[in-house]
Novice: 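Take this structure first; my questions come after.
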2 protein chains.
Amino acid sequence: MEAAVRIAARGRPDGLTGRALGEELGADRSAVWRHFADKDGLLLAVGDRLLVMASGRVAEGLGPRQRLEALARAVVDVFEAHPYVGAAIACRTTRGPGEFALVEMMLAALGELGLQSRDVARYQRMLADSVLAYAGMCAGYAVLPKQVQDADERAWVREYSNADPKRYPAIAALAPQLAATDDDMVLDTLLEAFWLAVDARARNTAIPTPSQGGRRA
Amino acid sequence: MEAAVRIAARGRPDGLTGRALGEELGADRSAVWRHFADKDGLLLAVGDRLLVMASGRVAEGLGPRQRLEALARAVVDVFEAHPYVGAAIACRTTRGPGEFALVEMMLAALGELGLQSRDVARYQRMLADSVLAYAGMCAGYAVLPKQVQDADERAWVREYSNADPKRYPAIAALAPQLAATDDDMVLDTLLEAFWLAVDARARNTAIPTPSQGGRRA
DNA sequence: ACCTGAACACCGTTCAAGT
DNA sequence: ACCTGAACACCGTTCAAGT
């Protein structure tokens with residue numbers, strides 16, 4: 001497992017293959033499949049380790065909002081730092097301790113923010129899927145060869161600035177704002193929008209009773 | 001291109017490989033690379049076609065909110081219906097007419113909803129990335145063998161219901177709500193939260209001046 | 001119990017040779 | 001101009017054979 005995480009952390013060109021794992025451990029590449037049922041089992045195990053690493057990065061003593069922000073950023077960072085596994089595992093349920101820790105942390109934090117329990121479950125699932133999907137997307141991008149990454153990035157600055165104003169008036173009008181984008185902006189905006197939505201939702205459905213799950217008056 | 005979309009639509013077990021495309025067209029599999037520079041070029045071209053299909057599904061005459069909802073759902077549906085390509089392309093910039101149509105439609109709709117132009121660009125990028133990432137995640141799930149999908153799905157109902165209440169109190173308390181989840185809930189909740197955030201943002205920064213980009217009084 | 005080494009079917013990619 | 005067919009290096013997976 002440690003060797004697998006090490007290989008996954010090597011980044012772009014290297015995938016986590018049986019051959020690479022065998023070499024790292026000084027064994028034949030087919031020996032890996034004595035310890036994991038198949039490639040899927042290996043990826044699930046390493047993927048859950050990534051989630052353990054991410055939830056372990058959340059500092060103690062933070063408020064619910066900061067805890068969720070730290071967790072979201074940690075998931076994206078860890079997936080980007082282990083891109084091959086991150087891209088492969090974002091759509092899966094690892095069912096391991098890492099996933100449980102992440103879900104538990106999210107549910108507890110959302111409960112503290114004043115949402116009803118039905119909304120806590122819905123918003124947790126939505127936030128978890130959004131963050132995992134976004135992290136998987138970032139990881140998928142990080143796996144690409146550097147020259148492909150550069151071509152994709154340039155497109156946003158160059159090709160969108162030259163869009164035909166007749167066919168694409170909104171793009172042409174907003175080209176400067178579209179080009180002025182840094183890497184963290186998307187996740188920042190996603191979290192900003194999430195807090196606005198949680199606040200609005202908590203305000204609309206708030207029950208002033210101090211006891212939990214207060215009944216209708 | 002039509003043959004490639006057809007193969008991509010065959011769904012789960014079939015990937016869009018050179019061999020499959022050659023067979024579909026009655027040609028040798030290596031003949032494909034006369035028409036596309038490499039696998040990446042093929043995927044980008046087919047991926048942009050998926051975006052053309054998605055934006056073409058948005059009905060005429062809808063308001064900005066319904067237009068954006070229709071577009072988001074169409075992207076997820078089309079990616080799920082062409083899962084191999086959807087999963088491969090979600091993290092890319094296709095730079096084709098499909099992507100331009102999608103960005104243009106989103107920017108125009110968000111502008112009509114009362115956001116400042118700086119927020120329009122930020123929220124468009126955030127929504128587009130969120131929807132594409134989520135669609136890519138759904139597509140990645142759809143590519144998996146059916147038995148792996150079933151195992152993942154059962155986990156949410158079964159293993160989360162049996163979580164240890166001492167280690168995972170929030171999961172144990174909310175297990176029924178976590179299990180009661182249908183496929184559309186995540187995207188519905190994401191869009192609900194997006195509207196709450198857009199409304200809050202438009203309210204906070206609204207400038208009553210009818211002219212664009214009004215200066216500070 | 002664990003590893004080796006060879007085999008298999010499948011990839012993308014390349015290239016000399018055809019038409 | 002376009003296709004063929006063979007080759008190459010790389011996958012995951014399997015299995016008889018070793019220790």
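Sequence lines set the chain letters: A, B, ... in the order given, protein chains first and strands last, and positions in each chain run from 1.
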Novice: Once you round it to whole Å, what is the distance between P of D/dT4 and CZ of B/Arg29?
Specialist: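 It works out to 12 Å between those atoms.
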Novice: For D/dT4, does OP1 or OP2 lie under 4.0 Å from any side-chain N or O of B/Ser30?
Specialist: no
Novice: Does this structure show an ion pair linking B/Glu104 with A/Arg167, if we count only N-O contacts that are shorter than 4.0 Å?
Specialist: no
Novice: Let's see if you can work this out: which of C/dT13, D/dG12, C/dC2 has an atom nearest to the side-chain heavy atoms of B/Asp38?
Specialist: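 It is C/dT13.
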Novice: In plain terms, say whether B/Asp199 and B/Arg65 are close enough for a salt bridge, that is, a side-chain N and a carboxylate O under 4.0 Å apart.
Specialist: yes
Novice: Nearest whole angstrom, please: distance from the P of D/dC11 to the CZ of A/Phe36.
Specialist: 18 Å
Novice: Decide, yes or no, whether a salt bridge links A/Arg154 with A/Asp150 under the criterion of side-chain N to carboxylate O below 4.0 Å.
Specialist: no
Novice: Rounded to whole Å, how long is the line connecting atom NZ of A/Lys39 with atom C1' of D/dC11?
Specialist: 8 Å
Novice: In whole Å, I'd like the distance from the CG atom of A/Asp28 to the P atom of C/dC3.
Specialist: 10 Å
Novice: Can you work out whether A/Arg34 or A/Arg19 has the more 5'-proximal nearest nucleotide on DNA chain D?
Specialist: A/Arg19
Novice: What is the distance, rounded to the nearest whole Å, between atom CD of A/Glu23 and atom C1' of D/dC10?
Specialist: 12 Å
Novice: Between D/dC11 atom P and A/Leu43 atom CG, what is the distance in whole Å?
Specialist: 14 Å
Novice: Whom does C/dC3 pair with, Watson-Crick or G-U wobble, provided both distances fall under 3.5 Å?
Specialist: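 Base partner found: none.
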Novice: Provide the Watson-Crick or G-U wobble partner of C/dA17, both distances under 3.5 Å; none if there is no partner.
Specialist: none
Novice: Which heavy atom in B/Asp188 sits nearest to a heavy atom in B/Arg73, and how many Å separate them?
Specialist: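 Result for this residue pair: OD1-NH1, 2.7 Å.
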Novice: If I take atom CH2 in residue A/Trp33 and atom C1' in nucleotide C/dC8, what distance separates them, rounded to the nearest angstrom?
Specialist: 16 Å
Novice: Let me know the distance between NE2 of A/His35 and P of D/dT13, rounded to the nearest Å.
Specialist: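 Roughly 15 Å, once rounded to whole Å.
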Novice: Hunt down the Watson-Crick or G-U wobble partner of C/dC8, both distances under 3.5 Å, from any strand shown, or write none.
Specialist: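 Pairing partner: D/dG12.
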Novice: With under 30° as parallel and over 60° as perpendicular, where do the rings of A/Tyr160 and B/Phe100 fit, or are they tilted in between?
Specialist: parallel
